[in-house]
Amino acid sequence: MNIVLVASHGCRGLNTSLSLLRTLARTRASLSDATCGNYFAPRRSLSSKSRAFPCESSITDVTVTKTTTNSAENGYPQYHRLLPCPSFNEPPRVEHMVVLEGGPVMEYISKSLDLPPLYVADLIHFGAVYYALVCPQPPQTATPEQIRLFKKFTEPSFLKGRKSIKGKTVREAQKTFRITHVDEFVEVGTYLRVHVHPKRFPRCYEIDWKSRIIAVTESYVVLDKPAGTSVGGTTDNIEESCATFATRALGLTSPLWTTHQIDNCTEGCVILARTKEYCSIFHRKIREKKVMKLYLALAAAPVPMGIITHYMRPINMAPRLVSKDFIDGWNVCQLEVLECREVAWPDADIEAKYCIEDCGWPSKKKAYECKINLLTGRTHQIRAQLADCGAPLVGDSMYMPAAVAEMASPGLNPFGKWKKEYTTEEDKEFAVTEWIALHGKEPAVAIGLQAYEISWDSGEHIYNARTPWWKQEQL
């Protein structure tokens, strides 16, 4: 399969064997570089004390010109690619570079970052390497040397000599795109962004994907998405996604297209288009509000019936902050609670089986199963809205800690019911920063949320997910 063609559809390596273990190269990462690398960094010199880490993958269709057999031969420690993949994620590490010597991208990154060539090949396969013809403006934290490099490679006299950007504005040439092949040529002055530690999804290798298929038609596939997986991939990992694994499970020759998203920690119905044309059709149905989504939410406290309205801060980062009061510029969020009934809190064995995190809720005797009609589709909407109502979802380590803190000390939430009056904007911004700090991390696997029904065209098409995880043991 043509890698470039597959990548353009958001799906990789369709014929990959998940039982194949291949011995490749092992890479090193300096602890000092664990969070984020330098902008426009030339060849790196890593500490001899840096620790090794594996890159596990199912790739079998990437051809590289260099092989890695042993450290004595090529300077890299041996590295074994294992399946399924690690059960943990490495600390984030992103490297930003300007190409100083033209050549194949895999070779340049390997030399510049002191990474084994086949590890770089894995990163490209995962969609973790990006380029721009012209490097973007460096951040305020950039060093004088990094700023010098930026100025050097964005000088009009230098840019005039680059045929690749002829006819483009500098802003157009600064747009980033994925590198799709290990042998792609990068010229001097090209900007590269390398996500050295892609976010991994080990759950992808634990799922019987065929059993999660609800329906297959000529136009689309309905998948009961398992929690702990990404629908269409992430910024640095388009390989370990529902679209990729569902495509393989069905033996399709063309990759499936993502039509909409639900959170990684949410399970339930998602629609994957079989063609680009139907993907556009379904997007239009969503825009025209012809698609209805019903959710089951397992809340830690009762939720009032009827329509709940909030306004969400328009900043694309978690946690999502909401306010019941109108705030100019914030996005409206609405959901309708159709039912709310008392159920038993999942016992310890069920929580352990489904990796439900203990988020410090004071009483775990009762939970409340809510049927919700999602009227607007904002990221984390149900999670953020119910948490603001004092009823966070079971296992939601992102939003429950802040809700618990607000219960213990009302007024901590600068947008909540007991919010304080602030004399200056600086005081309010400080309070917002403190409120965000009270939130936790994204759940590792599952929370009490399922997209249990999806329908469109006035019920002409309607599909239901299977029993949610918190009811599985009752069967």
Side-chain angles (χ1 to χ4, degrees), residues 201 203-204 206-217 219-232 241-250 256-274 282 285-286 290-299 303 335-341 343 346 350-351 353-356 367-377 379-383 386 393-396 443 445-475:
F201 294 91
R203 283 275 289 164
C204 286
E206 303 167 3
I207 301 298
D208 177 1
W209 288 93
K210 284 188 177 180
S211 71
R212 308 292 301 205
I213 304 297
I214 298 172
V216 180
T217 73
S219 301
Y220 59 84
V221 170
V222 186
L223 175 72
D224 186 358
K225 173 193 171 297
T229 61
S230 172
V231 176
S241 69
C242 293
T244 299
F245 279 78
T247 298
R248 292 178 186 153
L250 293 171
L256 294 168
W257 293 71
T258 302
T259 65
H260 63 108
Q261 296 282 347
I262 61 177
D263 293 346
N264 295 346
C265 53
T266 302
E267 63 182 23
C269 296
V270 294
I271 306 302
L272 301 171
R274 296 190 63 174
F282 200 83
K285 293 180 186 294
I286 293 176
K290 294 181 179 179
V291 179
M292 183 177 182
K293 301 175 185 177
L294 298 180
Y295 284 77
L296 288 180
L298 189 66
V303 181
L335 58 79
E336 182 181 11
V337 181
L338 305 175
E339 297 178 9
C340 182
R341 64 187 189 91
V343 296
I350 295 177
E351 289 188 323
K353 180 176 180 179
Y354 296 98
C355 303
I356 307 305
Y368 297 84
E369 185 180 86
C370 305
K371 183 181 293 186
I372 294 173
N373 177 18
L374 191 60
L375 302 177
T376 57
T379 301
H380 292 193
Q381 180 181 329
I382 294 176
R383 300 165 61 186
L386 265 58
L393 301 184
V394 171
D396 194 347
V445 181
I447 62 172
L449 188 61
Q450 182 196 56
Y452 89 92
E453 182 177 294
I454 189 168
S455 61
W456 61 95
D457 294 345
S458 301
E460 181 179 342
H461 306 271
I462 182 168
Y463 298 96
N464 292 95
R466 63 184 186 179
T467 306
W469 62 263
W470 59 88
K471 291 183 176 180
Q472 285 290 320
E473 303 304 313
Q474 300 174 12
L475 299 180

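Given the structure is predicted, the values throughout are model-derived calculations rather than measurements. Residue numbers count from 1 along this sequence.
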Derivation and outcome, side-chain contact (heavy atoms from CB on, under 4.5 Å), residues I372 and L386: CA-CA 11 Å; I372 294 173; L386 265 58; 4.2 Å; yes

request  = Show your working on side-chain contact (heavy atoms from CB on, under 4.5 Å) between V394 and I356 and close with a plain yes or no.
outcome  = CA-CA 8 Å; V394 171; I356 307 305; 4.0 Å; yes

*Should R274 and L256 be marked as a side-chain contact (heavy atoms from CB on, under 4.5 Å) after you check the CA-CA gap, both sets of side-chain angles, and the distance that decides it?*
CA-CA 5 Å; R274 296 190 63 174; L256 294 168; 3.8 Å; yes

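Atom CG of L294 sits about 7.5 Å away from atom CD1 of I462, to the nearest 0.5 Å. Residue I271 holds its CD1 atom at 11.5 Å from OG of S219, rounded to the nearest 0.5 Å. Atom NZ of K225 sits about 6.0 Å away from atom CG of N264, to the nearest 0.5 Å. A distance of 11.0 Å separates CG in L250 from CH2 in W209, rounded to the nearest 0.5 Å. Atom CD of Q450 sits about 10.0 Å away from atom OG1 of T266, to the nearest 0.5 Å. We find the OG1-CG distance between T379 and D263 to be 7.0 Å, quoted to the nearest 0.5 Å.
The aromatic rings of W456 and Y220 stand perpendicular to each other, their planes meeting at an angle above 60°, with 30° marking the opposite boundary.
Between S241 and C204, the shortest heavy-atom contact is N-SG, 4.1 Å. Taking each heavy atom of T229 and R203 in turn, the nearest pair found is CG2-CB, 4.0 Å. Listed here is the closest heavy atom pair of R212 and I207: CG-CG2, 3.7 Å. Summarising the geometry of R466 relative to S211, their closest heavy-atom pair is NH1-OG, 4.5 Å, with the distance given to 0.1 Å. Here the closest non-hydrogen pair linking A297 and L449 is CB-CD1, 3.9 Å. Counting all heavy atoms, side chain and backbone alike, A451 lies closest to A465 at O-CB, 3.9 Å.
In this structure, L335 and L375 have side chains that are not in contact, with every pair of non-hydrogen atoms separated by 4.5 Å or more. Annotation: side chain of V445 is not in contact with side chain of W469 (no heavy-atom distance under 4.5 Å). Residues I454 and H260 have side chains in contact (heavy-atom distance under 4.5 Å, counting atoms from C-beta outward). In this structure the side chain of L272 never reaches within 4.5 angstrom of the side chain of T247, judged on heavy atoms. In this structure, V270 and C242 have side chains that are not in contact, with every pair of non-hydrogen atoms separated by 4.5 Å or more. The closest side-chain heavy-atom distance from L374 to Y295 is below 4.5 Å. Looking only at side-chain heavy atoms (C-beta outward), V343 and W470 stay at 4.5 Å or farther from each other. C265 is listed as a side-chain neighbour of R383, based on a closest heavy-atom distance under 4.5 Å.
Figure legend: R248 and F245 shown as a cation-pi pair, the cationic atom lying under 6.0 angstrom from the six-membered ring centre and within 45 degrees of its axis.
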